[in-house]
Amino acid sequence: MPFNAIPAEDFFNRESELHYLKGLSELKKNALGGDVFLEGARGTGKTELLKQLYRLLYWEGDVVPFYYSFKTANLKGAYFAKDYFAGFVRQYISFAKKEPLIAQGSAEPFERLMPAISSLGLYWLIDCIEDFETHVNKNDFYWQIVAAISAPVIAAKKSGKPVIVMLDDFDAAASLYESSLGDTTGLISLFRESMQNSLCPHVMTGSAGALDAIFTDHSLIGMTEQMRLGPLPEDVAAELFGAHLARLKISPPPVEEAKFLAVLKGNPLYIRNLAKAAWKMRKKELHEKDLIECYSFEVSDGETAFYWSSVLSRYMKTAEQRRAMLKILMHSFENQGFDDVKRLSILSGVDETETGAILAAINVSGIIRDKDAVLQDFIRCLYMKEIEGRTAVYAKEKIETKYLSEKEESCFELVIPMSSNAELVVAKAVEQIGKNSNLDAEFLNYLQLALIEVCINAMEHSGSYEKKVFLKFITRPDRLEIIVENSGKPFSPDTRKEIPVEEKLRMGIKRGWGFKLVYAIMDNVKVERVNDRTRVIMTKNLKDKEVLE
Amino acid sequence: MKPVQFSVASKLVGDAAVIYPKGYLNNLSGESLVNECGIYIGRGITKIVVNFSETDLINSIGISLILQIMEDLRNIKGTICCTNMSKFLHDTFEMLGLIQHMIVFPSESDAIKYLKAGTP
Ligand SMILES: Nc1ncnc2c1ncn2[C@@H]1O[C@H](COP(=O)(O)OP(=O)(O)OP(=O)(O)O)[C@@H](O)[C@H]1O
Ligand SMILES: [Mg+2]
């Protein structure tokens, strides 16, 4: 219900949007517009903006606010009609009497409201209720829905007071059905009449991909203006996070350690959840590593994870579909793309038709429109849990290590083609990276050698179709970490039996020195398999002035 | 790291061939090194000096091709000496446990002297 809006002073940075929406009924009266499709990434605050608008209109009294959420609605038509109609009647009376409680008592039968309606002199509303009940009693499916949807219009006409109709997560209305899911299409177009009425501006929310999908009727798109709700700017985001922490009595992170918050990309939902996670984890003060820890908890097992799970399950009903979607999402993140259905199908092992269908659903859901690192981390965790059978704790730790090791200023990435001498580009790059960190020149020669070996190993043995090697260098004061990744055949150096040099020479075995060098040069070498990729992780501890013993 | 182009220069000093691999010693350049040695071996030369003064960088394929040359010479009872190896190159062979199977001299002239002394 719309009354649990956050205090106006805690609502950041949406003054102009709020101001504009407040003026909608004026605009509509003057035929300058009036219906708005409010789109934005998940959690950017679409619902909150409606709630704020609602509260404002409610207490000002010139325009009647009506809010309906399709997110949690039962989409069986008859049920929806009752819910929508009852919601409107209650909210209307509540508005007229300025008694918020009336709007919240959803279990109360209409008869109980009659005295209030009479005392307000809203006789037309009594007619309206009677008409609706007649349709219900006659079991007239279609007219029940029409009567419910047109209730705000009737109210506006009878009273002369405009009604702003707020339809939250309106894209779900495309799935309204008669008796079983999918049996009827186009019930959503019954909103058309109501939307065209000059006394009833509509504000609908939904994901970015949804608008075209809902309005198959193009005359409706034409009338509807799109408003995009963007992320909070960086400074406002920091301020919001600080405000949440202050309320939870947690000291905020020092400015230079708060850079990590950029990963939340100004999303108020993520910001709030992170602050709450800090509280759940009983943090009293926050440093960068605490932020990373709380964040990793959030995406693996916290409220953010729960939020995204429920969003995904709205689009993927069965466990099987969900697993297929996970594989596809994971592969498209790793390979930076959703375009090539055939390739995604091969990589994920999901057949092509299903891959196509899942991609379409992903597209409509709008979840991947904006590159969302939080969603990607959530998907990674879910993949580890559901596909790889890992625990939530394991997933959390993986995410943690990823961020702890990746401070942007000390992280370099490079992609090379699998072609001859490409490894020299890597050698050159690592030389400069090493120089930037004042590493000893001779030591750098060894580092170059180790990298060259890993690269040529990838080029020679992977049989990869992608024909690319991905490298990442992370420098820290005490340690250098290099990650080399490529798709193709698995490779495991441990399975190679160590043959003594003499034996090798006697038998004329000349190859196979590469990884021996890598092991000798680096302090730690791990070879992992991540999906269809081989990942070699090498670390070297840096002593005062690195010289090889 | 200096230029990466690889080329092989060589000359004959008495009955020994001196070969100068240059640049980055990998599969491509290693092959031409093997070929160059092959030409001398074909002409009946059994003493080869590989002067590494101009080799900047090497990879394991380059290493394996040097082992190939060592083996070719062993088969004809010849001798191969390596000279002017940088500390890096020397340590690399050492890391692999190969250095004790090679005849290494600080300079080319030392190697030539050694090979002459070995001549009956
Ligand atoms: N401008 C803002 N300032 C402070 N908090 C905000 C702001 N906008 C949203 N919030 C808070 O962020 C959280 C997420 O907002 P909300 O649920 O409105 O997002 P949404 O866009 O409707 O998400 P969904 O896509 O799931 O429907 C809520 O707790 C809300 O109170
Ligand atoms: Mg919402």
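Since we're looking at a predicted model, the values are computed, not measured. Below, chains carry the letters A, B, ... as their sequence lines are ordered, and counting in each starts from 1.
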If you define the side chain from C-beta out and look only at heavy atoms, does anything of [X] sit under 4.5 Å from [Y]?
X	Y	answer
B:Leu57	A:Leu424	yes
B:Ile63	A:Leu517	yes
B:Met95	A:Tyr519	no

Next item on the list: Please answer whether the main-chain N or O of B:Ser60 pairs with a side-chain N or O of A:Glu453 as donor and acceptor at a distance below 3.5 Å.
Entry: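 Yes, because the side chain of A:Glu453 sits within donor-acceptor range (under 3.5 Å) of the backbone of B:Ser60.
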Item checked: Segment of B:Ser86 engaging chain A (4.5 angstrom heavy-atom cut-off) ->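 For B:Ser86, there is no contact with chain A at all, as no heavy atom is under 4.5 Å.
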Checklist line | B:Asp91 and A:Tyr446: side chain donor to acceptor below 3.5 Å | finding: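 B:Asp91 vs A:Tyr446: donor-acceptor pair found between side chains.
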Margin query: Ignoring hydrogens and geometry beyond distance, is a side-chain donor-acceptor pair present between A:Asn421 and B:Asn26 at under 3.5 Å?
Written below: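 A donor-acceptor contact under 3.5 Å links the two side chains.
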Notebook entry, point to check: Looking at A:Leu449 and B:Asn59, what are the two nearest heavy atoms and their distance?
Noted result: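 Shortest heavy-atom contact: CD1-CA, 4.2 Å.
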Margin query: Please find the pair of heavy atoms, one from B:Lys87 and one from A:Glu442, that lie closest to each other, and give the distance.
Written below: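 What the structure gives for the nearest pair is CD-OE2, 3.2 Å.
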Margin query: Tell me every residue that passes side-chain contact (heavy atoms from CB on, under 4.5 Å) with A:Ser420, counting only those two or more places apart in sequence or in another chain.
Written below: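 Expected list: B:Leu28.
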Next item on the list: Quick one: pull up CZ in B:Phe88 and CD in A:Gln448 and give me the separation to the nearest 0.5 Å.
Entry: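 Atom-to-atom, B:Phe88:CZ and A:Gln448:CD are 7.5 Å apart.
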Check: Taking atom CG of B:Leu67 and atom CH2 of A:Trp513, what is their separation to the nearest 0.5 Å?
Finding: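 B:Leu67 CG to A:Trp513 CH2: 6.0 Å, rounded to 0.5 Å.
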Notebook entry, point to check: What do you reckon, is NZ of A:Lys468 surrounded by more than 12 foreign heavy atoms closer than 6.0 Å?
Noted result: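 Counting neighbours around NZ of A:Lys468, 12 or fewer heavy atoms of other residues, nucleotides or ligands fall under 6.0 Å, so no.
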